[in-house]
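What follows is one structure encoded as structure tokens, with my remarks underneath.
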Amino acid sequence: MTNTVAAANAEISRCVAASSRPIFDKPTIATQPPLVIRPHRLFSPRFPLLSLSLLERNSISSSRLRSLPNDSDASGGLTYKDAGVDIDAGSELVRRIAKMAPGIGGFGGLYPLGDSFLVAGTDGVGTKLKLAFETGIHETIGIDLVAMSVNDIVTSGAKPLFFLDYFATSHLDVDLAEKVIKGIVDGCQQSDCALLGGETAEMPDFYANGEYDLSGFAVGIVKKDSVIDGKNIVAGDVLIGLPSSGVHSNGFSLVRRVLARSGLSLKDQLPGAAVTLGEALMAPTVIYVKQVLDIIGKGGVKGIAHITGGGFTDNIPRVFPEGLGALIYKDSWNVPAVFKWIQQAGEIEDAEMSRTFNMGIGMVLVVSKEASQRILEDTNGAYTAYRIGEVATGEGVSYH
């Protein structure tokens, strides 16, 4: 990892020297005045401090709305909105912000530097934290935190360079915080990036005793001529899905509402599986960076969608040119037992499941027909991939 970080450092330094006045030459590039990152704790001696300007609000997505659940009528099938999360309201907010900051809405924000782009993303883990508090599983929540940001920026073809975290609590429990940050370190190692720094905020009376909140920020780099932006996608291109480990880090407001309705506890066995509900729900988000960069290296990748909040319904169309949509092949992958339990226990309709959860596919790559067979056959057992659908004429997502 040291050599990788050093190489990345040299690459950024070269880009900065070559481009003291960045040129905004694509409509997808944010155009706000830059903000300067201020160093906090844990700066890595392996990665000397760089004076770089990044843009805030570069990666706002309607699929990132976080909200705690409100009380609602428990009769009938549950929805994400019943649980307190209104995806439509999130979309409206993004629309309004876009008027003030044109170019937002992608999975990551691009900032030009020489012949490359810095790609930045930020996220948290939402109300999955509530389950961490209840189960006492804190060692892997940091992996979730890293995954949510690095998985976003790799959709542009960017190699993650560094990560920063924000840990906030009312009273600092050093042992607990160490467990959380150990998970962040693990996530950075999995994505081959440096934990460059972070902030620990102790704010008395702001959080309940024993609780905390997390945010993460990732920055990567990609050559301008290697950016994956979906503009060359055409009808007939193939959708390749990479399996998830479960719910990942989205939809937990609805999950917790389903759990309350079911009468089961996190210590009970998940129906149809050999693990407890707590273990299944707390499975860390898969970090797809190495898999995706390996597939990109094989050629033929035109677009990539990270399947987070909004599910297939909202995330896959984000990478398509106007007039194109997705045809998903039903039963083309194994849906994990946890989703079957969520749907049955919550009496949730298929459409709501597909707009809330990843349903067992955490990343979707749009590739040419010619490349699809090569990609699917040439995994060398390193990862599993499924042909889950194709690009079709007409917008939206349909199932066949």
Side-chain angles (χ1 to χ4, degrees), residues 61-93 125-131 134 241 243-273 275-283 285 307-317 325-362 364 388-389 396-400:
S61 157
S62 62
S63 66
R64 284 296 191 270
L65 182 68
R66 308 290 193 186
S67 176
L68 295 180
N70 299 314
D71 291 333
S72 63
D73 183 10
S75 62
L78 292 174
T79 67
Y80 209 9
K81 191 171 183 178
D82 289 337
V85 179
D86 189 341
I87 294 177
D88 292 327
S91 298
E92 172 62 16
L93 177 60
V125 294
T127 56
K128 187 172 186 176
L129 285 172
K130 287 286 188 180
L131 271 67
E134 294 175 26
S244 70
S245 59
V247 183
H248 280 183
S249 301
N250 290 97
F252 277 89
S253 293
L254 181 53
V255 167
R256 292 187 301 111
R257 186 58 59 89
V258 170
L259 185 63
R261 169 184 278 201
S262 73
L264 297 178
S265 77
L266 292 170
K267 295 180 180 180
D268 288 324
Q269 184 172 335
L270 170 65
V275 296
T276 66
L277 279 166
E279 291 168 339
L281 293 170
M282 286 301 296
T285 304
I307 309 303
T308 55
F312 279 12
T313 304
D314 288 354
N315 285 295
I316 297 178
L327 174 62
I328 303 297
Y329 305 148
K330 289 184 177 180
D331 303 321
S332 59
W333 73 92
N334 297 319
V335 176
V338 66
F339 294 113
K340 298 176 182 178
W341 172 77
I342 290 170
Q343 182 166 22
Q344 182 178 11
E347 300 179 34
I348 303 172
E349 295 183 359
D350 289 346
E352 188 70 17
M353 292 292 294
S354 297
R355 198 188 182 199
T356 304
F357 301 109
N358 66 61
M359 299 305 294
I361 296 294
V364 174
I388 66 167
V397 178
S398 58
Y399 298 81
H400 182 272

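What you see below is based on every heavy atom in this structure, not just the backbone, and it leaves out hydrogens, waters and symmetry mates.
- Contact record, Val258 with Ala345: CG1-CB, 3.7 Å, taken as the closest heavy-atom pair.
- To the nearest 0.5 angstrom, Asn250 atom CG is 5.0 Å from Thr308 atom OG1.
- Taking all atoms of both residues into account, the shortest heavy-atom contact from Ile361 to Ser244 is N-OG, 3.9 Å.
- Atom-to-atom distance recorded for Ile316:CD1 and Ile328:CD1 is 4.0 Å, nearest 0.5 angstrom.
- Sorted by first then second residue, the salt bridge (Lys or Arg N to Asp or Glu O under 4.0 Å) pairs that include residues 351-361, not counting sequence neighbours, are Asp88-Arg355, Asp314-Arg355.
- Considering all non-hydrogen atoms of both residues, Ile388 and Ser332 come closest at CA-OG, 3.4 Å.
- In this structure, CD on Gln343 lies 10.5 Å from OG1 on Thr356, to the nearest 0.5 angstrom.
- Residues Arg261 and Gly346 approach most closely at NH1-O, 3.6 Å, considering heavy atoms.
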Step-by-step ring-ring contact (aromatic ring centres under 6.0 Å, His included) determination, Trp333 to Phe312: CA-CA 14 Å; Trp333 73 92; Phe312 279 12; 5.6 Å; yes
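- Side-chain atoms of Thr276 come within 3.5 Å of backbone atoms of Glu279 as a donor-acceptor pair (strictly under, hydrogens ignored).
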Steps toward side-chain contact (heavy atoms from CB on, under 4.5 Å) verdict (Phe339, Met353): CA-CA 8 Å; Phe339 294 113; Met353 292 292 294; 4.3 Å; yes
Evaluation steps, side-chain contact (heavy atoms from CB on, under 4.5 Å), between Ile307 and Phe357: CA-CA 8 Å; Ile307 309 303; Phe357 301 109; over 6 Å; no
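- Taking CG of Leu281 as the start and CD1 of Ile342 as the end, the distance is 6.0 Å to the nearest 0.5 Å.
- Residues satisfying the side-chain contact (heavy atoms from CB on, under 4.5 Å) test with Asp268, not counting sequence neighbours, are Leu264, Ser265.
- Counting non-hydrogen atoms of other residues, nucleotides and ligands closer than 6.0 Å to CD of Gln269 gives a total above 12.
- Atom OH of Tyr399 is separated from atom CG of Asp331 by 12.5 Å, given to the nearest 0.5 angstrom.
- Residue Arg256 holds its CZ atom at 10.0 Å from CG of Leu254, rounded to the nearest 0.5 Å.
- Remark: Ala337 pairs with Leu270, Ala273 by the side-chain contact (heavy atoms from CB on, under 4.5 Å) rule, at least two apart or across chains.
- Residues Val397 and Pro317 share a closest heavy-atom pair of CG2-CG, 3.7 Å.
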